[in-house]
Amino acid sequence: MSGLRCQAKRGVLTLRRCDEPVDNVCSKCQRPTCAAHFSPQAVLTCFDCAARQSPAPERVRPEMTDYDSPGWSYGMRNWLIYSSARDAAVSFDRNDERSFEHARDDNPASEPETGRSLLDS
Amino acid sequence: MAALLNLFSLTSEQRRFLWRKQIVDTRTPAAWLELFRPMGPYESDPGKGGCLAAFLALGAAGLLCAGVVNLFSRHGLLSGVVLLLLGLGCGAGVGAMRLRLRGRRLERGLNPLLAALREDMAADDKVTLTVDMRGAERKANRIGRRDLGARGSYPEAVEITFADNWLQGDAVLADGTKLQWEITEYVRLEVRTKRNARGKSKSKTRRRMATHLRIDAGWRKDRFALTEAAGTAVRDDGRRFWLKLRRTFRHATGEAFNAGQFVQTVAAGYAQTKPTGGAA
């Protein structure tokens with residue numbers, strides 16, 4: 001795993017690649033992931049895949065005192081996106097439509113299927 | 001008691017902060033968290049224990065004096081030692097109360113805010129903070145006092161207002177956005193006083209609290225632009241355009257500012273910008 005960097009996204013207000021040393025690959029999306037971005041709810045599953053498997057009925061703000069626990073910043077980001085969308089006074093505009101014209105760069109579905117793990121050299 | 005025992009596991013800097021309750025420095029968010037993380041047990045509700053601390057201080061002084069007098073009397077050696085020990089116990093109680101951080105601003109406020117900044121800032125970038133945890137209800141913070149006259153069965157009532165600018169800071173996020181903020185806690189105390197049938201003075205205190213966030217956020221012009229809905233920036237320094245983000249949050253009794261309110265306020269600023277695709 002040496003040399004590889006975590007492909008998960010980090011940040012609460014800003015979104016950027018984590019780039020920490022990789023611990024393992026996610027068993028669902030095969031993305032190289034560091035220890036901090038594995039969900040504690042499922043074995044070897046990154047936060048994105050865990051959220052896809054069991055979507056929350058509503059986005060609840062994570063408890064503020066849990067700021068050191070894994071996934072706290074992920075939960076904060078999700079809550080922020082959800083609450084911003086709910087509070088938005090304006091509806092979708094051309095900028096929102098434009099974002100659908102390009103695939104998300106962290107979408108595992110858009111990764112080329114080479115038949116082997118991204119960690120294989 | 002746990003807080004007193006915990007005192008021995010703190011670093012000298014942490015103990016100094018607990019005693020002085022003020023710090024001004026520039027560090028990484030992770031280094032700030034290292035300093036503030038063990039302070040949770042020392043936090044207490046605002047305005048509680050002032051009378052007890054004064055009572056304990058008086059008790060400690062009285063017991064120590066009585067102990068010294070007894071030590072020098074002919075038959076009072078044992079009672080003198082007991083009084084001295086009791087005086088020292090009261091003194092330790094006063095010390096423990098002096099170490100308390102009033103207002104519960106760390107565990108839900110400053111610490112999660114630093115954790116969010118740790119996620120949003122480049123690894124070696126630093127945050128400058130000016131922290132004052134001495135509590136809002138101090139004479140220096142008093143901004144107003146007025147007599148309210150009679151209230152219900154209470155013939156006297158006064159309203160005292162405090163403003164405590166307890167946190168100032170600035171930081172640069174990973175996308176180049178610069179944040180400068182000030183957090184002010186407002187407390188309005190309503191103290192009603194009456195005398196009972198025996199002539200004893202009885203008072204009742206009602207506390208209302210709010211936090212005002214003043215955040216100036218500057219987005220780099222080569223990476224961001226204002227949306228059509230946002231209008232014009234309030235300031236333009238050539239490299240960044242700045243927006244003033246202001247919000248006031250009321251607190252329920254026993255609650256204080258929480259980091260979610262700060263993050264939400266900055267996010268409202270981000271909602272007024274759009275990335276232009278400049279180099280990150």
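Hydrogens, waters and symmetry mates play no part in the numbers below; they use all other heavy atoms, side chains included. Chain identifiers are assigned alphabetically (A, B, ...) following the order of the sequence lines, protein sequences preceding nucleic acid strands; residue numbering begins at 1 within each chain.
B:Ala116 touches chain A through backbone and side chain together, each having a heavy atom under 4.5 Å away. Of the atoms belonging to A:Arg10, heavy atoms from both backbone and side chain fall under 4.5 Å from chain B.
Summarising the geometry of A:Trp72 relative to B:Ala115, their closest heavy-atom pair is CZ3-CB, 3.9 Å, with the distance given to 0.1 Å. A pairwise comparison of heavy atoms in B:Ala174 and A:Arg16 identifies CB-CD, 3.6 Å as the closest pair.
Of the residues listed (B:Asp120, B:Asp175, B:Thr177), the one engaging A:Thr14 in a side-chain hydrogen bond (donor to acceptor under 3.5 Å, both in side chains) is B:Asp120, and it is the only one.
Residues from residues 210-217 of chain B never place a non-hydrogen atom less than 4.5 Å from a non-hydrogen atom of chain A. Using a 4.5 Å heavy-atom cut-off against chain A, the contacting residues of residues 9-40 of chain B are B:Leu33, B:Arg37.
At most 12 heavy atoms of other shown residues, nucleotides or ligands fall within 6.0 angstrom of atom CZ in B:Arg188. The number of heavy-atom neighbours closer than 6.0 Å to CZ of B:Arg250, taken from other residues, nucleotides and ligands shown, is 12 or below. Within 6.0 Å of atom CZ in B:Arg247, more than 12 heavy atoms from other residues, nucleotides or ligands are found, so the atom counts as buried in its surroundings. The environment of NZ in B:Lys126 is sparse: at most 12 heavy-atom neighbours from other residues, nucleotides or ligands sit within 6.0 Å.
B:Arg108 places no side-chain N or O within donor-acceptor distance of the main-chain N or O of A:Glu63, the cut-off being under 3.5 Å.
Between the CG atom of B:Leu117 and the CG atom of A:Leu13 there is a distance of 8.0 Å, given to the nearest 0.5 Å. Distance check, rounded to the nearest 0.5 Å: CG of B:Asn111 to CE of A:Met64 gives 12.0 Å.
Options B:Arg118, B:Glu119, B:Glu107, B:Met121 differ in how many heavy-atom pairs under 4.5 Å they form with chain A, and the most are formed by B:Glu119.
A:Tyr67 is not listed as a side-chain neighbour of B:Leu113, based on a closest heavy-atom distance of 4.5 Å or more.
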